[in-house]
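Reading through the structure tokens given below for one structure.
Indexing begins at 1, ligand by ligand and atom by atom, following the structure's order.
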Amino acid sequence: MAVQGAQVQDVVVIGAGMAGLLAAAALARDGRTVTVLDRDDLPDRPAPRPGVPQGRQPHLLLRRGLTAIEELLPGFGDDLRAAGAVPVDTGELAWLGAAGWSPPSRQVEVLLAPRPLVELLLRQRVEASPGVRVLGGRRVAGLRRGGPGEPRWWVDAVPVGWSDAPDASPGDDPAPEPWPADLVVDASGRASRLPTWLEALDVAPAAVDALDARVGYSTVRLRLPTEKVGVAGVVLLPVRGLGGGLALPTGAGWWTVTGVGADEQRPPRDLPALRDYLAGLRDDSLARMVAAGHLDGDVATHRQTGNRRHRYDRVPGWPDGLVVVGDALCAFNPVYGQGITVAALDALALRRADARGGLAAPGGAARAVRECARLSDLPWLMATTADQVLAGLPTSRAPVSVISGRWIAELERMSAHGDDAAQGALSRIYQLVAPPTSLFHPRLVARWVRARARGYGPPVPRPAVLRDDAPDAVGGAR
Ligand SMILES: Cc1cc2nc3c(=O)[nH]c(=O)nc-3n(C[C@H](O)[C@H](O)[C@H](O)COP(=O)(O)OP(=O)(O)OC[C@H]3O[C@@H](n4cnc5c(N)ncnc54)[C@H](O)[C@@H]3O)c2cc1C
């Protein structure tokens with residue numbers, strides 16, 4: 001066991017979701033033990049589980065997320081492809097934005113697969129890393145500082161069913177199992193109990209930034225032979241006062257079709273009402289896909305989607321040897337598909353800090369937490385700015401925000417009139433592979449000036465989503 005503070009020998013990661021597994025991959029090295037504890041029994045096949053209630057909802061791994069995961073685990077994209085993930089060029093999705101349909105083009109390749117499959121493959125890769133063990137059936141119930149001559153932390157894990165309510169009778173509950181750690185990584189997602197544990201440790205509370213557009217997801221899984229579908233997938237962006245949805249292939253002829261809407265437009269929980277909901281969207285292609293496919297299982301609903309950011313980066317006297325990553329630090333409205341990518345960027349930040357010896361040094365954990373918080377600044381700005389509009393909340397009146405908002409609306413309009421350079425620029429921002437300044441490239445400005453002078457051109461026609469559809473020459477969306 002390490003002398004307190006000298007080095008990181010024992011790492012305990014709380015949570016074996018995407019962020020916890022990626023953090024374990026980042027911190028694994030010879031001569032070190034990385035123990036990942038999860039409350040769930042972890043299945044050895046790709047199956048949803050209670051600790052990840054969003055597991056039956058579609059998960060799109062942004063391009064930046066895949067490259068970040070590959071930096072940690074080279075060849076992970078090939079693993080995903082070999083397991084059946086579907087490579088899709090985002091320019092081949094039938095994409096209906098606020099201004100209309102985007103033109104078909106070549107943009108950025110992403111991989112589509114069910115979330116439980118991605119997580120299983122990741123767990124198998126991480127378990128093969130030096131010194132890593134991933135243990136299910138252990139819920140972390142508390143965090144204690146070690147005494148003199150002890151490790152820095154004790155992480156108390158309890159079996160499933162154990163009650164930690166203050167008034168619970170001791171009963172037959174076994175004593176918590178204490179795990180020693182020089183470094184603790186909280187990766188327990190939206191359900192993180194870290195605020196409570198910090199309070200018990202007399203650490204000042206962290207402020208919470210929150211914006212909840214009250215977005216809901218309702219998803220059905222269906223089989224739809226590839227030859228029946230004319231596009232790589234469908235995205236109908238939810239806009240203020242109107243619901244939206246998406247249809248994404250998950251491999252071997254399987255699709256998920258999802259209604260996505262905010263507030264009054266949240267999609268319903270039962271199948272007949274969901275069919276009606278999909279039929280009433282700006283475009284009825286999702287309803288027709290459901291009608292054409294063979295459904296498997298019932299409707300999976302999820303409504304815990306608010307943007308929520310714990311400002312641990314601003315807590316004075318942040319404890320050494322404790323870091324927070326993934327949704328436990330910053331969770332986003334999932335409509336923008338950023339969560340796994342930010343978790344992977346957090347893991348890369350931990351790896352960089354570790355390589356510098358920065359995690360064991362006094363103040364090193366606080367610096368790492370600040371770095372992870374900084375990495376979520378841009379995705380947070382993108383998600384919350386769009387959600388203010390979606391939720392009908394007042395938006396920032398700062399000149400830079402007003403000008404950016406108007407310029408993005410112009411690029412969307414150019415895209416909906418066939419400008420694939422405008423579409424590509426927006427797509428690269430969305431995929432987090434280009435900085436926002438790239439939206440102001442002189443070439444785009446020149447194209448806009450030309451469009452203003454000569455007209456934007458005809459709107460992009462509605463794509464033939466099902467092969468039987470005839471493309472609609474006038475744009476199609478209601
Ligand atoms: C509807 C929906 C759709 C989404 N779609 C996308 C998408 O398309 N693309 C994308 O990138 N992201 C998407 N996300 C976000 C993505 O799911 C999360 O950002 C990502 O899973 C974060 O990983 P995490 O490890 O922080 O949390 P999770 O993956 O939620 O994992 C947390 C883990 O901690 C465990 N745990 C919790 N408490 C304890 C405890 N006390 N002790 C031990 N273990 C514990 C849980 O069992 C779980 O395994 C979506 C989210 C939702 C809700």
Side-chain angles (χ1 to χ4, degrees), residues 12-24 35-43 48-66 68-69 110-116 118-119 122-123 134-143 155-160 162 164 176 179 184-194 196-197 215-219 235 246 248 256 258-260 267 300-308 324-347 372 376 379 383 430-432:
V12 172
V13 180
I14 308 170
M18 301 302 296
L21 293 171
L22 291 165
T35 308
V36 187
L37 304 173
D38 202 283
R39 42 161 275 183
D40 281 354
D41 289 323
L42 300 170
R49 56 190 179 86
V52 182
Q54 71 273 33
R56 289 174 68 194
Q57 302 301 334
H59 273 68
L60 188 143
L61 182 54
L62 300 184
R63 184 71 214 167
R64 181 67 190 99
L66 181 59
I69 295 177
V110 294
L111 290 175
L112 301 178
R115 152 79 195 234
V118 180
E119 192 185 291
L122 189 58
R123 178 152 32 95
V134 183
L135 306 174
R138 290 170 173 85
R139 180 170 65 81
V140 172
L143 197 57
V155 178
D156 287 329
V158 297
V160 177
W162 197 90
D164 52 1
W179 293 86
V184 177
V185 182
D186 180 24
S188 54
R190 283 181 184 264
S192 168
R193 307 259 333 263
L194 189 58
T196 314
W197 300 339
V215 167
Y217 275 52
S218 291
T219 295
V235 178
L246 56 156
L248 297 176
T256 53
T258 306
V260 182
T301 309
H302 194 93
R303 293 186 165 181
Q304 227 192 333
T305 57
N307 301 286
R308 198 171 168 78
V324 196
V325 292
D327 281 10
L329 178 62
C330 183
F332 306 92
N333 175 357
V335 166
Y336 313 104
Q338 300 163 322
I340 297 173
T341 296
V342 172
L345 296 176
D346 289 347
C372 291
S376 50
Y430 182 73
Q431 298 293 328
L432 298 174

For Ile69 against Leu122, the heavy-atom pair lying closest together: CG2-CD1, 4.5 Å

For atom 35 (C) of ligand 1, what is the closest protein heavy atom, and at what distance to 0.1 Å? Asp38 OD2, 3.2 Å

Heavy atom under 4.0 Å from ligand 1: found in Val342's side chain, backbone, both, or neither? neither

May I ask whether Arg49 has any heavy atom positioned less than 4.0 angstrom from an atom of ligand 1? yes

Taking the side chain from Arg63 and the backbone from Tyr430, do they hold a donor-acceptor pair closer than 3.5 Å? no

Indicate yes or no: at least one non-hydrogen side-chain atom of Ile14 is less than 4.5 angstrom from one of Leu37. no

Using a 4.5 Å cut-off on heavy atoms from C-beta on, say whether the side chain of Leu66 contacts that of Leu61. yes

How far is atom 18 (C) of ligand 1 from its nearest protein heavy atom, and which residue and atom is that? Asp327 OD2, 3.3 Å

Value rounded to 0.5 Å, distance of OG in Ser192 from CG in Asp186: 3.5 Å

Donor-acceptor contact below 3.5 Å, side chain Thr305 vs main chain Val215: yes

May I have the step-by-step check of side-chain contact (heavy atoms from CB on, under 4.5 Å) for Tyr217 and Thr256, ending in yes or no? CA-CA 12 Å; Tyr217 275 52; Thr256 53; over 6 Å; no

Return the CZ to CZ distance between Arg308 and Arg190, rounded to the nearest 0.5 Å. 9.0 Å

Check whether Asp156 reaches the backbone of Pro176 with its side chain - one donor and one acceptor, N or O, closer than 3.5 Å. no

Looking only at protein heavy atoms, identify the closest one to atom 37 (C) of ligand 1 and say how far it is in Å. Ser188 O, 3.3 Å

Could you tell me, atom by atom, which parts of ligand 1 come under 4.0 Å of a heavy atom of Val52? 48 (C), 49 (O)

At a non-hydrogen distance cut-off of under 4.0 Å, which region of Arg138 contacts ligand 1 (side chain, backbone, both, or neither)? backbone

Side chain, backbone, both or neither: which part of Arg39 has a heavy atom under 4.0 Å from ligand 1? both

In ligand 1, the atoms that come under 4.0 Å of a heavy atom of Gly326 are 26 (O)

Below 4.0 Å, non-hydrogen atoms only: which portion of Arg139 touches ligand 1? Side chain, backbone, both or neither. both

For ligand 1, which atoms, with element, lie under 4.0 Å from some heavy atom of Ala19? 23 (O), 24 (P), 25 (O), 26 (O)

Side chain, backbone, both or neither: Ala343 near ligand 1, heavy atoms under 4.0 Å: neither

Heavy-atom pairs closer than 4.0 Å: do any link ligand 1 to the side chain of Val140, the backbone, both, or neither? both

Would you give the length of the straight line joining atom CG of Leu143 to atom CG of Leu194, rounded to the nearest 0.5 angstrom? 7.5 Å

For the backbone of Asn333 and the side chain of Asn307, can you confirm whether one donor and one acceptor N or O come within less than 3.5 Å of each other? yes

Of all the non-hydrogen atoms in the protein, which one sits nearest to atom 7 (C) of ligand 1, and at what distance? Leu60 N, 3.3 Å

Backbone of Leu345 reached by a side-chain donor or acceptor of Arg64 within 3.5 Å: no

List every atom of ligand 1 that sits less than 4.0 Å from any heavy atom of Pro58, numbering the atoms from 1 in the order shown and giving each element. 3 (C), 4 (C), 5 (N), 8 (O)

Identified side-chain contact (heavy atoms from CB on, under 4.5 Å) counterpart of Val36 within the set Leu135, Val185, Val134: Val134

Nearest non-hydrogen protein atom, atom 31 (O) of ligand 1: Gly17 CA, 3.5 Å

To which protein heavy atom is atom 6 (C) of ligand 1 closest, and what is the distance rounded to 0.1 Å? His59 CD2, 3.4 Å

Where is the tightest heavy-atom contact between Arg56 and Pro48, given as atom of each residue plus distance? CG-CG, 3.5 Å

Subset of ligand 1 atoms that lie under 4.0 Å from at least one heavy atom of Leu37: 43 (C), 44 (N)

Atom 11 (O) of ligand 1 [closest protein heavy-atom partner, distance rounded to 0.1 Å]: Ile340 N, 2.8 Å

Is ligand 1 less than 4.0 angstrom away from at least one heavy atom of Ala187? yes

Please state which part of Ser192 comes within less than 4.0 Å of ligand 1, counting heavy atoms only: side chain, backbone, both or neither. neither

Candidates His302, Arg190, Met18, Gln54; heavy atom nearest atom 30 (O) of ligand 1 found on Gln54

Whether Gln338 side chain and Leu62 backbone form a donor-acceptor pair below 3.5 Å: no

Looking only at protein heavy atoms, what sits closest to atom 51 (C) of ligand 1 is Pro334 CB, 3.5 Å

Polar contacts were defined as any N/O atom of the residue lying under 3.5 Å from an N/O atom of the ligand; does this apply to Trp197 and ligand 1? no

Please work out whether any backbone atom (N, CA, C, O) or any side-chain heavy atom from C-beta onward of Arg115 is under 4.0 Å from ligand 1, and answer side chain, backbone, both or neither. side chain

List every atom of ligand 1 that sits less than 4.0 Å from any heavy atom of Gln57, numbering the atoms from 1 in the order shown and giving each element. 1 (C)

Identity of the nearest option to atom 46 (C) of ligand 1, non-hydrogen atoms only, from Ala16, Gly51, Ala191: Gly51

Below the 3.5 angstrom mark, is there an N/O of Ile14, backbone or side chain, next to an N/O of ligand 1? no

Within a distance under 4.0 Å of any heavy atom of Tyr217, pick out the atoms of ligand 1 and give their elements. 1 (C), 3 (C)

Any Pro58 side-chain heavy atom under 4.5 Å of Thr219 side chain: yes

Qualifying residue, where the test is side-chain contact (heavy atoms from CB on, under 4.5 Å) with Asp346 and the options are Leu22, Val325, Val324: Val325

